[in-house]
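Predicted model, so just to flag it, every value in this text is computed and none were measured. Residue numbers count from 1 along this sequence.
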Amino acid sequence: MFCRKKKPHHKIMNDDIAKSAAIIRSRIGVLKPGIAIVLGSGLGGLADEVQNAVVIPYTDLPGFPRPSVPGHEGKFVAGTIEGVPVITLKGRVHFYEGVGADQLKVMIRTLKTLGVNTMFLSNAAGSLRPDVKPGELMAIADHINLSGTNPMMGENDDTWGPRFFGLGNAWDKNLCTILTRSAAKVGITLKSGVYVWLLGPTFETAAEIRMAKMVGGDSVGMSTVPDCLIARHCGMRVVGCSAITNMGEGMSDEVLSHEHTLSQAAIAGKSFVKVVVQFLKDYQAGH
Ligand code: HPA
């Protein structure tokens, strides 16, 4: 009996990456972005700053995520901000959507194929620190993975990175310093802290928030760490910040909901745009 040999899984993903990169290249022409910016919940406004914008829906790109959460549209907006070539990503998938890490790997490795070497990751997060309030931004200095899962588990494709890799500089210290300085230049004091990833989609219990504080966390959320790990695996630098949308459960009387997250992120979003625009100028200038 004729039996067709099944294509290895990583080969299917790499085919998708090559096809997606070719589609993007054909649409962005000579633009060569070195940095991509993932826009978290409610932070999509930065994409409006992109000049000569080329919009590419993820549905045009094989293997790309199909975000299902409101506030995550699922498209690339590529162009320049202050003359710096960028790709902004409106919409991400989260582990709690139950789709695994493959789509995220295809997305990030496609960016790598296009020559992106720095990922700016943003998100909405709850604060664990009384001195960091809703509406503020917090730079991500490091993270703690309390999700019980890891996007790098399963088969490793050595062509992208090693099976085992260190996380000593998971969040690039130099870029974090630049980000903090850029914020200061536009009049924003950017505190920095440790982001704790919990799987979601439930918000935390008050007891979980006490635990997250106790283990050394400053903020808590349901995203971003997978993106960081996949980007570091293939040798990209990672920098980013959270829009604080609420105090962790039990730290205030707010009732948490996704709508609340989106409305508060929109407030922090104004500072976010200012900080990232300045960061891009400083990043380009190399200091
Ligand atoms: N917990 C988890 N994720 C979040 C929160 C929170 O308090 N706020 C925004 N995203």
Side-chain angles (χ1 to χ4, degrees), residues 6-28 33 35-41 43-44 47 54-78 87-124 143 145 147-161 163 165 197-201 221-236 238 240 258:
K6 214 172 144 228
K7 233 186 195 181
H9 187 58
H10 69 263
K11 177 90 178 58
I12 298 172
M13 281 170 62
N14 288 340
D15 286 351
D16 282 346
I17 291 166
K19 282 185 206 146
S20 291
I23 294 168
I24 297 166
R25 242 186 233 120
S26 74
R27 300 206 197 159
I28 64 176
I35 183 164
I37 308 174
V38 177
L39 300 173
S41 293
L43 297 176
V54 176
V55 180
I56 309 176
Y58 294 171
T59 45
D60 288 0
L61 302 170
F64 262 58
R66 307 280 181 259
S68 64
V69 177
H72 289 274
E73 289 174 64
K75 62 187 187 190
F76 270 178
V77 182
I87 295 182
T88 60
L89 291 86
K90 286 186 98 170
R92 58 150 57 93
V93 276
H94 304 80
F95 254 68
Y96 61 71
E97 291 174 69
V99 294
D102 287 358
Q103 300 174 345
L104 196 54
K105 285 182 183 152
V106 168
M107 184 164 96
I108 291 172
R109 291 172 180 175
T110 299
L111 293 169
K112 170 86 181 177
T113 305
L114 292 168
V116 171
N117 55 32
T118 303
M119 294 292 294
F120 191 113
L121 305 176
S122 67
N123 59 31
H143 73 238
N145 178 358
S147 70
T149 187
N150 192 304
M152 305 321 297
M153 68 187 189
E155 184 192 13
N156 185 60
D157 183 346
D158 297 332
T159 55
W160 291 104
R163 165 84 294 180
F165 61 105
W197 176 35
L198 285 146
L199 195 55
M222 308 175 194
S223 68
T224 309
V225 169
D227 317 35
C228 169
L229 297 178
I230 296 167
R232 291 299 295 143
H233 179 251
C234 66
M236 291 162 132
V238 177
H258 188 55

Subject >> Thr59/Lys75 under side chain to side chain contact (heavy atoms under 4.5 Å, CB included): CA gap, chis, key distance, verdict >> reply: CA-CA 8 Å; Thr59 45; Lys75 62 187 187 190; over 6 Å; no
Answer yes or no: is there a side-chain heavy-atom contact under 4.5 Å between [X] and [Y]?
X: Asn123; Y: Ser223; result: yes
X: Ser20; Y: Phe64; result: yes
X: Met13; Y: Asp102; result: yes
X: Pro201; Y: His94; result: no
X: Val54; Y: Val77; result: no
X: Trp197; Y: His143; result: no
X: Ile37; Y: Ile87; result: no

Work out which heavy atom in [X] is nearest to a heavy atom in [Y]; give both atom names and the distance.
X: Pro57; Y: Val55; answer: CD-O, 3.9 Å
X: Pro151; Y: Leu229; answer: CD-CD1, 3.7 Å
X: Gly200; Y: Met222; answer: CA-SD, 3.8 Å
X: Gln103; Y: Val93; answer: OE1-CG1, 4.0 Å
X: Leu104; Y: Pro226; answer: CD2-CB, 3.6 Å
X: Met152; Y: Lys105; answer: CE-CE, 4.1 Å

Holding to salt bridge (Lys or Arg N to Asp or Glu O under 4.0 Å), I want the full list of residues that pass it with [X], two or more places apart in sequence or in another chain.
X: Lys19; result: none
X: Arg66; result: none
X: Asp60; result: Arg27

Subject >> Test log, rule side chain to side chain contact (heavy atoms under 4.5 Å, CB included), inputs Cys228 and Leu121 >> reply: CA-CA 8 Å; Cys228 169; Leu121 305 176; 3.9 Å; yes
Subject >> Straight-line distance of Ile24 CD1 to Leu111 CG, nearest 0.5 Å >> reply: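 So the CD1 of Ile24 and the CG of Leu111 are separated by 6.5 Å.
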Original post:
To the nearest 0.5 Å, what is the distance between NE2 (His233) and CD1 (Ile108)?
Top reply: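 So the gap between those two atoms works out to 12.0 Å.
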Original post:
Can Glu155 and His10 be counted as having a side-chain donor-acceptor contact under 3.5 angstrom?
Top reply: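 Yes, because at least one side-chain N or O of Glu155 sits under 3.5 Å from a partner of the opposite role on His10.
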Original post:
Side chains of Asn156 and Asp158: is there a donor and an acceptor less than 3.5 Å apart?
Top reply: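 Checked: Asn156/Asp158 side chains pair up, N/O donor to acceptor below 3.5 Å.
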Tell me whether [X] contacts the main-chain N or O of [Y] through its side chain, where contact means a donor paired with an acceptor under 3.5 Å.
X: Arg109; Y: Thr113; result: no
X: Ser122; Y: Val38; result: yes
X: Ser41; Y: Ala124; result: no
X: Asn145; Y: Thr149; result: yes
X: Lys112; Y: Cys234; result: yes

**OP:** Could you check Phe76 against Thr88 for side chain to side chain contact (heavy atoms under 4.5 Å, CB included), going step by step and ending with a plain yes or no?
**Re:** CA-CA 6 Å; Phe76 270 178; Thr88 60; over 6 Å; no
Original post:
Among Asp16, Val116, Ile17, whose side chain to side chain contact (heavy atoms under 4.5 Å, CB included) with Thr110 holds?
Top reply: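 Only one of Asp16, Val116, Ile17 forms a side chain to side chain contact (heavy atoms under 4.5 Å, CB included) with Thr110, namely Ile17.
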Subject >> CA sep, side-chain torsions, deciding dist, call: Ile230, Trp160, side chain to side chain contact (heavy atoms under 4.5 Å, CB included) >> reply: CA-CA 9 Å; Ile230 296 167; Trp160 291 104; over 6 Å; no
